[in-house]
Asker: 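Below is one structure. I have some questions about it.
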Amino acid sequence: MEREDVEKYLKENLERISVESKKIIMGGWTVLEPIIFLELKDGSRMRFFGPDLDLEKWED
């Protein structure tokens with residue numbers, strides 16, 4: 001998909017953007033890893049997070 005097509009799709013279908021954080025504790029440090037959600041008008045959500053983050057390992 002070309003960049004222009006993606007921009008057009010998002011302009012027509014994006015309802016809102018939200019950011020949540022996952023708390024990860026490693027070696028005594030607390031790290032907040034951001035997770036970005038794109039919420040579309042049809043009710044679906046796409047999430048984006050760091051590629052090195054294994055979310056299933058940290059799910060509650």
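Note that the structure is a prediction, hence the values are computed from the model and not measured.
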Asker: Output side-chain donor-acceptor pairs under 3.5 Å for residues 6-16, partner residues at least two apart or in another chain, one line each.
Answerer:
| unit_1 | atom_1 | unit_2 | atom_2 | d |
| --- | --- | --- | --- | --- |
| Glu7 | OE2 | Arg3 | NE | 2.9 |
| Asn13 | ND2 | Tyr9 | O | 3.0 |
| Arg16 | NE | Glu39 | OE1 | 2.9 |
| Arg16 | NH2 | Glu39 | OE1 | 3.4 |
| Arg16 | NH2 | Glu39 | OE2 | 3.4 |

Asker: Using the test side chain to side chain donor-acceptor pair (under 3.5 Å), find all partners of Ser44 that sit at least two apart in sequence or belong to another chain.
Answerer: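 By the side chain to side chain donor-acceptor pair (under 3.5 Å) rule, Ser44 matches Asp42.
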
Asker: Evaluate Glu20 against Phe37 for side chain to side chain contact (heavy atoms under 4.5 Å, CB included), listing each step before the verdict.
Answerer: CA-CA 8 Å; Glu20 297 176 10; Phe37 290 94; 3.5 Å; yes

Asker: Drop me the distance from Ile24's CD1 to Trp29's CH2, to the nearest 0.5 angstrom.
Answerer: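 That separation rounds to 15.0 Å.
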
Asker: Ile36 versus Ile17: any side-chain heavy-atom pair under 4.5 Å?
Answerer: yes

Asker: I'd like to check Leu40 versus Arg45 (side-chain heavy atoms, cut-off strictly below 4.5 Å). Are they in contact?
Answerer: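 Answer no - side chains too far apart.
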
Asker: Phe48 and side chain to side chain contact (heavy atoms under 4.5 Å, CB included): which single residue from Ile35, Val19, Leu38 fits?
Answerer: Leu38

